[in-house]
Amino acid sequence: MDIKQYADFILAGEFAKAEKVRKTCVPNRLYKFVSLGDPTESDESKLNTLETNTLWFSKTNLYNDPYEQCGLFIDDTQLEKAGWDKNLIESTHTLFEELAVAGLTCCLSATDYTNMPMWAHYANNSKGFCIECEVENAEILYEVSYEDSPHSATAMTARLIHELLASKGKPELSDELIRTITLLRFNSCMKHSSWSHEKEYRLIVDVNHDRGIGIPTELCGVKFKKMILGLNCSEENQNRLCRISRMLGIESYKLQASNQDSFFPTCRLYCEREED
């Protein structure tokens, strides 16, 4: 996505054009890599999430990047030079943290099952699986923007503080307020450029929860289309995943050892129907 064009439309109050820029950049297919076989995590909870046709949403502070939510910042020095006192600066930080930190997110990738680093980092060295998702509605889908350095959100947050003070804490839903909240929320979709190989997209919901919740795929705007099991997926998990894929009505495949024709050959899995 052209982040500058998106931001320019937001700042100009042309929200429909900004949304068009955001949504048209979302590809038709996205992929979710899931780890299995890690003794520190529960395979059963992940398999139950898949089996119920849901996606798991988490707080970003549980992710593997310690610099999540650091794409935007407040410059205290700039506020001090403008004559702001300590209490007002603290209030600015509080408001910024409330608006710029998303509720819960679910990470997907535009890179498919042939990306071996994704298997290594997010599927426990190919012991897990990858779900191919068809995007039906991009309403809550956001492309991650990869940046070399963070950006100041001081001015826009300061303007919002002024509006709150002028309205005695009860501001009208003005264009200025909508612009500020929209741009601050994008903080949840900014990461350092060293992560760009992941081609990440995020589903974002305004829900607060200590750890996370599962949300049905139809409410996420995506549909499971195909499942690919990792090369090192255990036989027990393979059998369970095969049964789940049959129940969901999707095809399942398993990565095979490289051969002369392909680095990443796959074979179709077929599951016997369980006895009633």
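Keep in mind that this is a model prediction, so the values were computed, not measured.
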Ion pair E44/R240, N-O distance below 4.0 Å: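 A salt bridge links E44 with R240.
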Electrostatic pair D206:R185 at N-O distance under 4.0 angstrom: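 A salt bridge is present here (some side-chain N lies under 4.0 Å from a carboxylate O).
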Residue pairs, two or more places apart or on separate chains, that pass ring pair (Phe, Tyr, Trp, His ring centres under 6.0 Å) and touch residues 125-149: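 Those involving residues 125-149 do not exist here.
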Selection residues 75-95 - residue pairs positive for ring pair (Phe, Tyr, Trp, His ring centres under 6.0 Å), sequence neighbours left out: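 Only W84-H162 qualify under ring pair (Phe, Tyr, Trp, His ring centres under 6.0 Å).
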Residues that Y31 engages under ring-ring contact (aromatic ring centres under 6.0 Å, His included), provided they are two or more places apart: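 Listed in chain order: nothing, the list is empty.
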ring-ring contact (aromatic ring centres under 6.0 Å, His included) involving F57 - partner list, sequence neighbours excluded: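 For F57, no residue satisfies ring-ring contact (aromatic ring centres under 6.0 Å, His included) once neighbours in sequence are set aside.
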Going by heavy atoms in the side chains, are [X] and [Y] under 4.5 Å from each other?
{"X": "L183", "Y": "L72", "value": "no"}
{"X": "I131", "Y": "L50", "value": "yes"}
{"X": "K46", "Y": "S35", "value": "yes"}
{"X": "P117", "Y": "T111", "value": "no"}
{"X": "V135", "Y": "N28", "value": "no"}
{"X": "T157", "Y": "L184", "value": "yes"}
{"X": "Y113", "Y": "W119", "value": "yes"}

List the atom pairs, with distances to 0.1 Å, where a side-chain N or O of residues 213-227 and a protein N or O form a donor-acceptor pair under 3.5 Å, not counting sequence neighbours.
| residue | atom | partner | partner atom | Å |
| --- | --- | --- | --- | --- |
| T217 | OG1 | N53 | O | 3.4 |
| T217 | OG1 | N53 | ND2 | 3.4 |

Distance-only polar pair, side chains of D148 and S193, donor-acceptor under 3.5 Å: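 A pair is found: one side chain offers a donor N or O, the other an acceptor, under 3.5 Å apart.
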T154 and S152 side chains, donor-acceptor separation under 3.5 Å: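 Checked: S152/T154 side chains pair up, N/O donor to acceptor below 3.5 Å.
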F186 ring center near Y6 ring center (under 6.0 Å):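 When the ring centroids of F186 and Y6 are compared, they turn out to be within the sub-6.0 Å range.
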Excluding sequence neighbours, so at least two apart, what forms side chain to side chain donor-acceptor pair (under 3.5 Å) with [X]?
{"X": "H121", "value": "none"}
{"X": "S196", "value": "none"}
{"X": "E139", "value": "K23"}
{"X": "S145", "value": "E147"}

Salt bridge (charged side-chain N to carboxylate O under 4.0 Å, His left out) contacts touching residues 60-71 (sequence neighbours left out):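 Sorted result for residues 60-71: D65-K191, E68-K191, E68-R202.
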Residue pairs passing the salt bridge (charged side-chain N to carboxylate O under 4.0 Å, His left out) test where at least one lies in residues 85-96, sequence neighbours excluded: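 For residues 85-96: none.
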Atom OH of Y67: over 12 foreign heavy atoms under 6.0 Å: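 At most 12 heavy atoms, drawn from other residues, nucleotides or ligands, come within 6.0 Å of this atom.
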Residue K32 excluded, over 12 heavy atoms near NZ under 6.0 Å: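 Yes, enclosed.
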All side chain to side chain contact (heavy atoms under 4.5 Å, CB included) counterparts of S91, not counting sequence neighbours: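 Testing S91 for side chain to side chain contact (heavy atoms under 4.5 Å, CB included), a comparison that skips the adjacent residues, returns none.
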